[in-house]
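Working notes for the structure below.
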Amino acid sequence: GIRNFNVENRAEREISKIKPSLAPRHPSTSNLLQEQISHYPEIKGEIARKDDKLLSFLKDVYVDSKDPVSSLQVKAAETCQEPKEFRLPKGHQFGMINMKSIPKGKISVVEALTLLNNHKLYPETWTAEKIVQEYQLEKKDVNSLLKYFVTFEVKIFTPEDKKAIQSK
């Protein structure tokens, strides 16, 4: 069938490919190795020899991993931190940005972060339509903004949470 098509040529091509070589050693390391091998030729055999005892130890290795914080603790921490809604006062200055100088249909970085945060915290209140009216933006731009951009969420761990993470 199709699997066996040109199989000899494909096998020959794979076999003749250059095999990956070891990473180059630093010249001082290479010199030291050559010196040691010339003084102690039996080292070369030791390097290549497989140690059955060590291999048997490797077979006994078992890794067991557990989540450091349970989902119940995370949900409890989320309910403790009540999110706040942010609004920009009209005509207020933030550093060098004058809100009056922003053209219609555009928003500043501070306004973008504010509207994204408000929409994330209160999606039923801060809908795309409300944002369009509030900031005088195009509907398609607001929909793209809400779809492709998110604000970061800061989680503050209490000392008890930190101890629980460190102890595990």
Side-chain angles (χ1 to χ4, degrees), residues 1-81 83 105-124 126-129 131-132 135 137-158 160-168:
I2 217 155
R3 266 182 49 188
N4 296 334
F5 174 74
N6 205 10
V7 73
E8 288 90 10
N9 287 344
R10 289 186 294 144
E12 185 61 39
R13 202 174 355 183
E14 282 298 317
I15 292 169
S16 65
K17 276 187 183 174
I18 298 171
K19 306 293 182 275
S21 58
L22 294 173
R25 292 194 169 109
H26 191 270
S28 64
T29 309
S30 294
N31 294 340
L32 283 172
L33 282 173
Q34 290 303 323
E35 187 181 309
Q36 290 296 318
I37 289 174
S38 66
H39 287 302
Y40 307 100
E42 68 275 2
I43 287 179
K44 207 166 195 169
E46 277 295 311
I47 292 172
R49 185 179 64 83
K50 289 185 179 179
D51 190 338
D52 291 328
K53 186 176 180 185
L54 291 178
L55 287 173
S56 69
F57 288 155
L58 194 57
K59 289 177 184 172
D60 294 338
V61 171
Y62 175 76
V63 177
D64 187 18
S65 177
K66 294 217 173 17
D67 233 356
V69 180
S70 75
S71 59
L72 293 175
Q73 290 173 326
V74 172
K75 287 178 184 171
E78 287 174 359
T79 56
C80 294
Q81 298 174 347
K106 307 278 184 198
I107 54 174
S108 71
V109 173
V110 175
E111 287 176 318
L113 291 172
T114 303
L115 74 83
L116 286 169
N117 191 48
N118 288 345
H119 176 73
K120 180 176 160 188
L121 299 176
Y122 305 98
E124 61 279 346
W126 286 90
T127 60
E129 291 75 22
I131 294 169
V132 166
Y135 294 96
L137 299 170
E138 293 288 331
K139 177 98 163 101
K140 65 178 179 59
D141 294 339
V142 172
N143 286 336
S144 294
L145 189 67
L146 297 177
K147 182 177 179 183
Y148 296 110
F149 291 89
V150 292
T151 54
F152 290 106
E153 193 170 317
V154 178
K155 297 235 184 223
I156 300 170
F157 289 96
T158 62
E160 293 80 27
D161 293 337
K162 287 180 186 172
K163 287 177 188 168
I165 291 171
Q166 290 171 352
S167 67
K168 292 187 179 186

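None of the values given here were measured: they were computed from a predicted structure.
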Any chance you could lay out the side-chain contact (heavy atoms from CB on, under 4.5 Å) test for His119 and Ile131, step after step, and finish with the verdict?
CA-CA 9 Å; His119 176 73; Ile131 294 169; 4.3 Å; yes
With Asn143, which residues qualify under side-chain contact (heavy atoms from CB on, under 4.5 Å), at least two apart?
Ala128, Lys139
Spacing of Glu42 atom CD and Ile37 atom CD1 [to the nearest 0.5 Å]:
11.0 Å
For the CG atom of Asp51 and the CD atom of Glu46, what is their distance to the nearest 0.5 Å?
8.5 Å
Exercise: identify the closest heavy-atom pair between Lys53 and Ser56
O-OG, 2.6 Å
Any sub-3.5 Å donor-acceptor pair from Arg10's side-chain atoms to Phe5's backbone N or O?
yes
Search all heavy atoms of Lys50 against all heavy atoms of Leu55 and return the closest pair with its distance.
CB-CD1, 4.2 Å
Residue pair Tyr135 / Thr114: nearest heavy atoms and the distance that separates them:
OH-CG2, 4.2 Å
Looking at Leu115, Val110, Val109, which one forms a side-chain contact (heavy atoms from CB on, under 4.5 Å) with Leu113?
Val109
Determine the minimum heavy-atom distance between Glu124 and Thr127, stating which atoms define it.
O-CG2, 3.5 Å
Closest non-hydrogen contact found for Phe149 with Leu116 is O-CD2, 3.6 Å
Determine, step by step, whether Leu145 and Ile107 satisfy the side-chain contact (heavy atoms from CB on, under 4.5 Å) criterion, reporting the C-alpha distance in whole Å, the side-chain angles of both residues, the deciding distance to 0.1 Å, and the verdict.
CA-CA 11 Å; Leu145 189 67; Ile107 54 174; 4.2 Å; yes
For Gln36 and Leu33, indicate whether the former's side chain and the latter's backbone hold a donor-acceptor pair under 3.5 Å.
no
To the nearest 0.5 angstrom, please state how far the CD atom of Glu35 sits from the OG atom of Ser30.
12.5 Å
Minimum-distance pair of heavy atoms, taken over all atoms of Lys106 and Leu137:
N-CD2, 3.8 Å
